[in-house]
Amino acid sequence: MRIKLLFVSLLFAFGLSAQATNADSTTFKGRIDNDEYQVYIVMDFYKRNIVCPRQEIFGQNPGYFGAKRDTRKWIIEDADVKKHTAHLVIINDYGSEDLEANLTLNHDGTYTLERTEGSTIKIVVNGKWVKIPKKLVFKRTK
């Protein structure tokens, strides 16, 4: 009986901690934009059901990084959410470059994407490659 009670208690405690961890399912869902570089992130790090336009071969993923002036996308392959920060693994649309980054919800409602290791995200603007800074601030799209 003790073992059964202990087992039920553990299951209940695990269920509560899992609910607390996943209680907010909107912080990392939707679209956020950076006007300076004209780039954006489309994400749903909870359901991981985003299909990148023109890159359907990658299937459903947590999201992607795109640019208004470039058709290429960087696919978010993995997103591990812990409170107000998501650790991301991102690849380019050819799979030849990858990086890791953190996306953090700031106190003012903006988001900061910071590359922690790997390749620099690059987009094409007017036929020339533009490197995206290591740290970039995004605002939620209305």
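Hydrogens, waters and symmetry mates play no part in the numbers below; they use all other heavy atoms, side chains included.
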Could you state whether [X] and [Y] fall into the same hydrophobic cluster, counting links through intermediate Ile, Leu, Val, Met, Phe, Trp or Tyr residues with side-chain heavy atoms under 4.5 angstrom apart?
{"X": "L105", "Y": "I32", "result": "yes"}
{"X": "F45", "Y": "V39", "result": "yes"}
{"X": "F138", "Y": "V81", "result": "yes"}
{"X": "V124", "Y": "I121", "result": "no"}
{"X": "I132", "Y": "V137", "result": "no"}

Any [X] side-chain heavy atom under 4.5 Å of [Y] side chain:
{"X": "W74", "Y": "I91", "result": "no"}
{"X": "F65", "Y": "L113", "result": "yes"}
{"X": "L103", "Y": "T112", "result": "no"}
{"X": "Q38", "Y": "D33", "result": "no"}
{"X": "D93", "Y": "Y64", "result": "no"}

Could you give the distance from [atom1] ([X]) to [atom2] ([Y]), rounded to the nearest 0.5 Å?
{"X": "K135", "Y": "T116", "atom1": "NZ", "atom2": "OG1", "value": "12.5 Å"}
{"X": "D44", "Y": "K47", "atom1": "CG", "atom2": "NZ", "value": "6.5 Å"}
{"X": "I90", "Y": "K73", "atom1": "CD1", "atom2": "NZ", "value": "14.0 Å"}
{"X": "T71", "Y": "I123", "atom1": "OG1", "atom2": "CD1", "value": "11.5 Å"}
{"X": "K131", "Y": "S119", "atom1": "NZ", "atom2": "OG", "value": "10.5 Å"}

Sub-3.5 Å donor-acceptor pair from the side chain of [X] to the main-chain atoms of [Y], do we have one?
{"X": "N34", "Y": "Y37", "value": "yes"}
{"X": "N106", "Y": "G109", "value": "no"}
{"X": "D70", "Y": "R72", "value": "yes"}

How would you list all residue pairs meeting salt bridge (Lys or Arg N to Asp or Glu O under 4.0 Å) that involve residues 95-122, not counting sequence neighbours?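 Checked against salt bridge (Lys or Arg N to Asp or Glu O under 4.0 Å) - neighbours excluded - the pairs reaching residues 95-122 are E97-K122.
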Taking all atoms of both residues into account, what is the closest heavy-atom pair of Y40 and K68, and its distance?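 Closest heavy-atom pair between Y40 and K68: CE2-N, 3.9 Å.
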For L88 versus A79, what's the shortest heavy-atom pair and its separation?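 Scanning both residues, the minimum pair turns out to be CD2-CB, 3.6 Å.
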Would the number of heavy atoms belonging to other residues, nucleotides or ligands and lying under 6.0 Å from NZ of K134 be above 12?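 Open.
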Could you label the plane-to-plane angle of the F28 and Y46 rings as parallel, tilted or perpendicular, counting under 30° as parallel and over 60° as perpendicular?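 Tilted.
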Matching residue for I76 among I41, N61, V89 - test: side-chain contact (heavy atoms from CB on, under 4.5 Å):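 Between I76 and the candidates, side-chain contact (heavy atoms from CB on, under 4.5 Å) is satisfied uniquely by I41.
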Run the salt-bridge test on D78 and R48 with the 4.0 Å N-O cut-off and return the result as yes or no.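 The answer is yes: the pair qualifies as a salt bridge.
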Going by atom types alone, do N102 and H87 pair a side-chain donor with an acceptor below 3.5 Å?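 There is such a pair (donor and acceptor under 3.5 Å, judged by atom type) between the side chains of N102 and H87.
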In terms of side-chain heavy atoms, does R140 have a donor or acceptor partner in Y111 at a distance below 3.5 Å?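 A donor-acceptor contact under 3.5 Å links the two side chains.
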